[in-house]
Amino acid sequence: MSSEAAILTAQEILLRHNERVLLDHASFGLAPGDRVGLVGRNGAGKSTFLRILAGELEPDSGLITRQRGTIVGYLPQTFELAPDETVYDSVREGGRAVLDLIHEYETLPGHTRRHEELEEQIVHQDGWNLDTRIRTALNQLSCPPDDRKIAQLSGGEKRRVALARALVAQPDVLMLDEPTNHLDTDSVEWITTFLASYPGALLVVTHDRHFLDQVVNGIVELRNGVFERYEGNYTDYLVARAEKLASEELVEHKRQMFLRKELEWVRRRPKAQTSKSKARLDRFFETEADAPPATEADMDLVVPPPPQMGNRVVDLEGVAMEFSGRTLFSDLNISFANGTRIGITGRNGLGKTTLLKLILGELKPTAGEIKIGQLTRFNYVDQSRLQLRDDRTVLDEVSDGTEWVQWGETKLSLRGYLKRFLFTDDRITAAVKWLSGGERSRLLLAKVLKRGGNFLILDEPTNDLDLPTLRVLEEALISFPGCVLVVSHDRYFLNRVCTGILAFEGEGRVAYSDGNYDYYVDKKKRAEAALSRPAVSGKSNSNSSPARSAAPTPAAAPVSAPTPPKAKGRKLSFKEQRELEGMEALIQSNEAEAAKLEAQLASPEFFKTQGARANAVIGELEALKAKIATLYARWEELEAVRAASA
């Protein structure tokens with residue numbers, strides 16, 4: 001965090017919602033250069049706090065202050081855009097403050113004190129480059145055409161326009177509430193790079209952990225109504241928080257041991273009330289009165305055990321799909337196997353959701369055949385999820401007329417099932433309209449997952465889930481014994497969950513890669529680098545890395561235009577050929593081991609039970625990362641020799 005004086009502060013903020021205290025005399029400060037991620041459970045009050053800082057909501061008590069002249073920009077989760085404005089005009093309006101300065105500057109006579117002040121302010125806000133910033137934001141965020149009316153846009157399109165509008169202002173303090181929702185992978189990567197070097201202060205609420213790792217230099221957790229601050233990015237926060245929880249657990253354990261030890265002596269109540277025995281008695285009652293550290297319950301999300309699956313799950317053979325003369329993809333050959341967890345990624349509009357609907361039988365392919373196993377049972381969670389009815393109770397929303405949930409060969413009571421999703425007895429009977437955003441998300445998950453199935457198809461499941469719920473969902477999917485197909489732009493989620501990536505790369509290209517998303521990205525970059533070398537002859541992308549296909553079978557890779565033959569260099573020796581053939585498997589093995597160590601360090605349970613091993617595990621992880629980097633360098637070296645000799 002920056003050591004400079006805060007430009008925006010919140011002091012002793014108290015806010016109640018009905019009978020619940022959201023902010024309990026909480027204080028917060030943001031200094032120049034701070035890029036802070038605000039995290040916490042859904043319903044904890046993160047979005048509400050941003051509204052208070054933006055001046056849209058008054059707290060019950062407390063004080064909000066900002067330095068004189070500080071410009072604050074704010075993108076809320078729910079926003080309003082003028083429906084009759086065009087896309088371009090709406091985004092340009094985001095720079096209204098600097099536009100007004102420029103207008104006043106151009107209407108004043110030169111060589112005046114006010115004229116000089118205006119010029120300084122315009123330069124400070126980079127106002128002369130406003131039009132360039134507008135054009136860049138519109139292009140990089142894949143906004144609709146300039147002349148489209150806001151009233152004609154979808155919800156996702158409006159959000160991209162609102163985000164562009166917030167960014168072009170380039171305020172001193174930029175506050176963003178879930179900025180990556182409804183953005184495709186390329187747009188997320190652009191805004192991640194943009195904000196990582198943002199010149200002003202940044203306060204962001206997001207569930208995108210890769211974004212937090214790349215952008216922020218501090219994490220503030222809203223927990224039990226107060227703010228707890230941690231230095232570093234999201235990974236640093238996980239380690240520090242786990243150590244803190246382990247320390248709190250140790251202190252509480254010692255407190256309980258002391259109370260148990262002294263309880264027998266207190267019960268005897270020694271007759272001689274000496275000053276020493278009185279002091280001992282006072283210490284006991286003081287320790288007993290100390291409150292244990294506040295804890296938050298974790299959701300015990302377990303996907304219902306799936307029915308048995310046959311040898312054939314889903315096979316796509318030569319599948320093609322066209323819309324209005326446009327080819328989304330063609331000659332797609334995929335064989336899904338039991339136990340695989342495949343992530344689908346790519347820009348919006350390339351056909352990801354269409355592929356899901358083809359598999360579900362909701363659409364017919366233009367060409368090819370889709371074969372579904374007789375025992376395959378789909379459970380589909382679409383982008384819009386299911387609609388909740390506000391007038392019904394939580395219990396009524398999940399119930400289908402019975403009090404039980406089928407749980408493999410047995411049954412689980414509906415109330416017991418809902419308690420796994422952190423619904424207490426009083427919340428189970430509460431009306432849906434009284435639920436917080438986090439409770440609504442958990443209720444939707446409970447309602448969908450109750451349907452069972454052995455082939456889960458999830459379309460953007462991470463939107464609107466808080467970070468603790470996301471981690472639990474990931475663990476549930478990792479341990480799910482059926483098949484999982486998930487569309488997501490959440491890089492962290494794809495890295496943790498997926499055993500393979502199906503990437504929609506544009507212009508009808510669909511590529512499959514074993515491993516997680518980072519592995520796919522690295523392979524793609526190396527393939528592109530190999531193709532760009534002058535010595536490389538024309539070959540398909542599938543031959544530009546040592547990847548070998550596994551279930552699912554990869555789609556046909558695009559063919560690059562041939563380049564003129566060049567002089568061949570030396571060939572790989574037999575030993576080097578064998579080394580290259582085994583390189584991918586070796587890298588995957590080491591990356592899997594590194595992922596296990598990272599998962600250990602991210603688990604509070606590890607620090608509770610094996611805290612003494614933390615430094616050793618961190619050292620082992622660093623050594624593995626260095627080894628992986630060496631392996632990648634060797635892979636690229638061998639691949640360059642192979643390509644040059646082709």
Side-chain angles (χ1 to χ4, degrees), residues 14-24 26 38-49 51 57 60 77-78 177-178 205 207 221-226 245 291-304 379 381 384-407 411-452 458 461-476 604:
L14 175 65
L15 182 70
R16 295 183 179 88
H17 180 68
N18 296 328
E19 298 300 318
R20 182 181 171 209
V21 176
L22 284 179
L23 299 170
D24 190 3
L38 180 59
V39 303
R41 292 188 181 278
N42 280 350
K46 303 185 299 296
S47 297
T48 302
F49 180 62
R51 291 183 62 203
L57 182 67
D60 296 323
Q77 280 200 58
T78 56
D177 198 346
E178 297 293 358
V205 173
H207 66 271
E221 181 180 13
L222 179 51
R223 180 181 175 215
N224 300 311
V226 296
L245 292 178
T295 59
E296 294 178 327
D298 285 322
M299 191 169 69
D300 182 20
L301 174 60
V302 180
V303 181
N379 187 351
V381 184
S384 60
R385 310 283 179 88
L386 300 174
Q387 297 300 315
L388 296 176
R389 288 162 287 189
D390 287 347
D391 59 325
R392 304 188 73 185
T393 67
V394 170
L395 188 67
D396 292 338
E397 271 296 277
V398 178
S399 174
D400 55 2
T402 68
E403 287 286 326
W404 305 94
V405 175
Q406 192 64 38
W407 202 263
K411 291 183 177 180
L412 183 69
S413 75
L414 198 57
R415 286 179 175 270
Y417 174 71
L418 285 169
K419 286 180 179 179
R420 290 175 178 264
F421 292 82
L422 296 186
F423 287 104
T424 56
D425 287 327
D426 62 317
R427 301 306 281 173
I428 287 174
T429 55
V432 171
K433 63 183 177 182
W434 300 119
L435 299 184
S436 68
E439 287 173 323
R440 294 178 74 93
S441 294
R442 296 200 303 271
L443 179 58
L444 285 167
L445 273 176
K447 188 171 182 178
V448 169
L449 295 177
K450 172 177 172 282
R451 299 183 304 197
L458 311 174
T462 64
N463 283 350
D464 306 319
L465 295 182
D466 57 28
L467 295 178
T469 304
L470 267 177
R471 290 197 292 269
V472 176
L473 175 61
E474 288 163 355
E475 294 297 334

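Position 1 is the first residue of the sequence, and the numbers go up from there. All figures in this text were calculated on a predicted structure; none of them were measured in a lab.
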Engineer: For a quick test of reading the model, state the closest non-hydrogen atom pair linking T429 to T393 and the distance between them.
Structural biologist: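 Looking at all heavy atoms of both residues, the closest pair is O-CG2, 3.5 Å.
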Engineer: Name all residues meeting the side-chain hydrogen bond (donor to acceptor under 3.5 Å, both in side chains) criterion together with S47; count only those two or more places apart in sequence or in a different chain, and write none if there are none.
Structural biologist: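 For S47 the side-chain hydrogen bond (donor to acceptor under 3.5 Å, both in side chains) partners, ignoring immediate neighbours, are Q77, D177.
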Engineer: Write down the atom of D390, the atom of A431, and the distance for their closest heavy-atom approach.
Structural biologist: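 Looking at all heavy atoms of both residues, the shortest contact is O-CB, 4.0 Å.
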Engineer: Find the distance between CZ (R41) and CG (L222) and round it off to the nearest 0.5 Å.
Structural biologist: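 Going from the CZ atom of R41 to the CG atom of L222 covers 12.0 Å.
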Engineer: Can you tell me how far apart CG (D24) and CZ (R16) are? Round to the nearest 0.5 Å.
Structural biologist: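 One finds 8.5 Å between CG of D24 and CZ of R16.
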Engineer: Can you tell me which residue among L443, L435, V394 is in a side-chain contact (heavy atoms from CB on, under 4.5 Å) with R427?
Structural biologist: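 That would be L435.
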Engineer: Could you tell me whether a side-chain N or O of Y417 sits under 3.5 Å from a main-chain N or O of V398, the two making a donor and an acceptor?
Structural biologist: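 Answer holds: no.
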Engineer: So, using side-chain hydrogen bond (donor to acceptor under 3.5 Å, both in side chains) as the criterion, who are the partners of D426 when residues are at least two apart?
Structural biologist: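 Partners of D426 under the side-chain hydrogen bond (donor to acceptor under 3.5 Å, both in side chains) test: T424.
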Engineer: For the side-chain contact (heavy atoms from CB on, under 4.5 Å) test, which of K450, K411, R420, R415 pairs with V405?
Structural biologist: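 Going through the options one by one, the only one that passes is K450.
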Engineer: Only counting residues at least two apart or in another chain, list the ones meeting salt bridge (charged side-chain N to carboxylate O under 4.0 Å, His left out) with R392.
Structural biologist: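 Scan of R392 (salt bridge (charged side-chain N to carboxylate O under 4.0 Å, His left out), adjacent residues dropped) gives E397.
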Engineer: Kindly give the heavy-atom pair with the smallest separation between L414 and S399, and that separation in Å.
Structural biologist: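 Result for this residue pair: CD2-CB, 3.4 Å.
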Engineer: So how far is it from L395 CG to L418 CG, rounded to the nearest 0.5 Å?
Structural biologist: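 Interatomic distance, L395 CG to L418 CG, rounded to 0.5 Å: 6.5 Å.
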Engineer: What's the separation between atom CG in N224 and atom CG in L23, rounded to the nearest 0.5 Å?
Structural biologist: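 Going from the CG atom of N224 to the CG atom of L23 covers 12.0 Å.
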Engineer: Is the backbone N or O of G40 less than 3.5 Å from a side-chain atom of K46, with the two atoms forming a donor-acceptor pair by type?
Structural biologist: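 Between the backbone of G40 and the side chain of K46 there is a qualifying donor-acceptor contact (under 3.5 Å).
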Engineer: What closest approach, in Å, do A26 and G225 show between heavy atoms, and which atom pair accounts for it?
Structural biologist: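 Nearest pair, atom of A26 first, then G225: CB-O, 3.5 Å.
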